[in-house]
Protein chains: 4
Amino acid sequence: MAQLRADARRNRERILAAAEEVFAERGASASTEEVAARAGVAIGTVFRHFPAKDDLIAAILKALLARLVSEAGELAASGDPETALFAFFTRVVEAAAARRTVAELLTGGGADLRLGGALRALDEPLGTLLRRAQEAGAVREDVRLEEVTALLAAASQAALLAGWTPELQDRTLEIIFRGCRP
Amino acid sequence: MAQLRADARRNRERILAAAEEVFAERGASASTEEVAARAGVAIGTVFRHFPAKDDLIAAILKALLARLVSEAGELAASGDPETALFAFFTRVVEAAAARRTVAELLTGGGADLRLGGALRALDEPLGTLLRRAQEAGAVREDVRLEEVTALLAAASQAALLAGWTPELQDRTLEIIFRGCRP
Amino acid sequence: MAQLRADARRNRERILAAAEEVFAERGASASTEEVAARAGVAIGTVFRHFPAKDDLIAAILKALLARLVSEAGELAASGDPETALFAFFTRVVEAAAARRTVAELLTGGGADLRLGGALRALDEPLGTLLRRAQEAGAVREDVRLEEVTALLAAASQAALLAGWTPELQDRTLEIIFRGCRP
Amino acid sequence: MAQLRADARRNRERILAAAEEVFAERGASASTEEVAARAGVAIGTVFRHFPAKDDLIAAILKALLARLVSEAGELAASGDPETALFAFFTRVVEAAAARRTVAELLTGGGADLRLGGALRALDEPLGTLLRRAQEAGAVREDVRLEEVTALLAAASQAALLAGWTPELQDRTLEIIFRGCRP
DNA sequence: GATGAATGAGAGTTCATTCAT
DNA sequence: GATGAATGAACTCTCATTCAT
């Protein structure tokens, strides 16, 4: 991947971008052909870069998770422990709100993309943020990572609901956060 | 629907039951043919009763919602106002946990099956339960129906997660409920 | 298969006939779509009757082998032991000459259609004919079933050669037969 | 071909060698890309040397035939006329046994690779060997080149059968040879 | 009304071949 | 000349839907 020709790298990125758009709009059942069209390449090019549709979806998800993990890392390093967890939580939900695929894949996707495979990548940074928040007294001691993750997945799904607005998001997350506080 | 021949009515119900099973197990992408097989009828019979696959799915959802609405009514009539809302909330999540389709359809399915079309049916009974709970002082005054519905949808989705167990459900819902209490 | 509707049975047979033709002409790599076209049905109909291309090919081969086995049985029952083996041998080669698929499949086809799977069906009747011929003194004692089968496959393949004519067939098989005689 | 740059000539030969291996293992349906990979060149290089896949296959076959023709020449020049024909026959069958492509192409491949195009190259040396053998009294007078070629093709195909072993080869060819002797 | 065979658009995937780098 | 990314037609197979029986 590091040694791709310039044009290949360009196409790879256009395909990823197109796929993110298409899957965000239509969900993971959108056709690979549409991704190709949106990226302005032939269908074969998509399959050259991602041998199977699942590989393409996995690549998108992986990229997104990597971004989130890195954001979590930054928050853990420099943020206020009392608010970092909730800030991150909000951030993830916002990302999901913009992408049907994300939430879909958290539960539905290919076998190995389920919670065990995908959300698990967030376990470590999320765990750190949770521990810090508890040490800072911002979250009850009896709240465990497991339910935080579940709530995160839940809220990410909810973010796709028809009437979802920033204001509703605030009010909804506030209930969850309040439930976590001592 | 009122004037169906006896055998037709019987078939209709067997198809609905089969569809609920099949879609619960395999999700909404299960094939209509499998529904027919499970119901013990021919594929043509399914399409005679439900002109399109979406109609069948909508019918299942409608039936489920009707059941839930009636349960909500009973709780509102006879239950303890302080706990009825949360009891109902738990009940819905449990129903979702047993059915892939439900949660899937809340966000995914055909356009008109989204929150606006489906969950809206719960608005009235849910609103009643909420109002009663608030009057009884069991729920904060500033919690609105909208976010309760969103949380309900969210938790219903989460119920499909790989690691979901009754215990995790308790812990997760408890956070949400705590966030609702004064 | 016995309870197929009349139209289904008709189509099944038209598909088999078309497939035999098409594969005979173009080899097993001919497209299923061409078979469908030749049979005058839509592609889906072919796949309804034969869930995968291999099933279609296997069905053709099975039918042909069944015919040959039954011919062998008749020859064993009523034919002159001294000539029955060679008559059957000739018969098989003639059948192969008319069908690319046959010879192809004897060596090439799907994994389970190779010699072990396909020609093996001829083992029993061929063995009987061979034993009778040896008892009648028409074939050397040291000729075994294995090499007869090999020669049969060989000659069947050769029957597809460009210059193959009835006359060449006679002269070629005569050499083989002479080699088998005491 | 005479004026190729040294590296081009080297590539050409590596491609031929790789192709012989790949097609021998996987048959003519193996992908050109695999040939390129095995040869350690890019796919474009293969197509520069052989404008179409068939050209590559034809080149392999031609090379093999050339080798066989030269072996036949040597046998004709220096071998015992009584056994040279059968020795050559055996040699060809052994070559075929090691290469799926050979036998496949004798009947299957592109139209112009059939008997008329390929085996014809063996006509002359084979004719010479046959004539010598007949003059030496080792082969019946009424055996003609045509059927020898047919038997050769036949045995070459048979060499690909699943159960083919050196011992089976001996027994099978012995029958053919016996049929040729006076 | 019920049956279930037929339909055919569409999906994912492969691969010979072309052509910009 | 070599490279290898891009192309796109072709192929197998699926499934919602229609319609003759």
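Atoms considered below: every heavy atom in the structure, side chains included; atoms not considered: hydrogens, waters and symmetry mates. Numbered from 1 within each chain, the chains take letters A, B, ... in sequence-line order.
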**Study point:** Gap between atoms CZ and P, on C/Arg12 and E/dG4 respectively (whole Å)
**Key:**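 Atom-to-atom, C/Arg12 to E/dG4, this comes out as 17 Å.
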Check your understanding: Separation of B/Glu34 atom CD from F/dT14 atom P, in whole Å?
Key ->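 Going from B/Glu34 (CD) to F/dT14 (P), I get 14 Å.
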Review point. Hey, what do you get for CZ (C/Arg12) to OG1 (C/Thr45), rounding to the nearest 0.5 Å?
Key: 13.5 Å
Check your understanding: Of C/Arg10, C/Arg9, C/Arg5, which meets salt bridge (charged side-chain N to carboxylate O under 4.0 Å, His left out) against C/Asp7?
Key ->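 For C/Asp7, the salt bridge (charged side-chain N to carboxylate O under 4.0 Å, His left out) check succeeds only for C/Arg5.
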Review point. In a check of salt bridge (charged side-chain N to carboxylate O under 4.0 Å, His left out) between C/Glu20 and each of C/Arg26, C/Arg67, C/Arg38, which one passes?
Key: C/Arg67
Review point. Hey, is the side chain of B/Asn11 poking within less than 4.0 Å of OP1 or OP2 on E/dA2, counting only N and O atoms?
Key: yes
Check your understanding: At under 4.0 Å, does any side-chain N or O of D/His49 touch on OP1 or OP2 of F/dG1?
Key -> no
Exercise for review: Examine distances only and state if a side-chain atom of A/Lys53 and a backbone atom of A/Ala28 form a donor-acceptor pair shorter than 3.5 Å.
Suggested key: yes
Practice item. Would you give a per-nucleotide map of nucleotides 13-21 of chain E, 5' to 3', where B means the base has a protein non-hydrogen atom under 4.0 Å away, S means only the sugar-phosphate does, and - means neither? Key: BB-SBB---
What is the minimum heavy-atom distance between [X] and [Y], and which atoms define it?
{"X": "D/Ala24", "Y": "D/Ala98", "result": "CB-O, 3.8 Å"}
{"X": "D/Val46", "Y": "D/Ile15", "result": "CA-CD1, 3.9 Å"}
{"X": "B/Ala30", "Y": "B/Val22", "result": "CB-CG1, 3.5 Å"}

**Study point:** Which nucleotide in E/dT3, E/dT7, F/dG8 has an atom nearest any side-chain atom of C/Thr45
**Key:** E/dT7
Point to revise | Out of F/dT3, E/dT7, E/dA5, whichever nucleotide has its closest atom nearest the side chain of D/Val41 | key: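 The answer is F/dT3, which lies nearest to the side chain.
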Practice item. Using a 4.5 Å cut-off on heavy atoms from C-beta on, say whether the side chain of C/Thr32 contacts that of C/Phe50. Key: no
Practice item. Taking Watson-Crick and G-U wobble pairs with both distances under 3.5 Å, convert DNA chain E into its dot-bracket string, 5' to 3', dots for unpaired and | for cross-strand pairs. Key: .||||||||||||||||||||
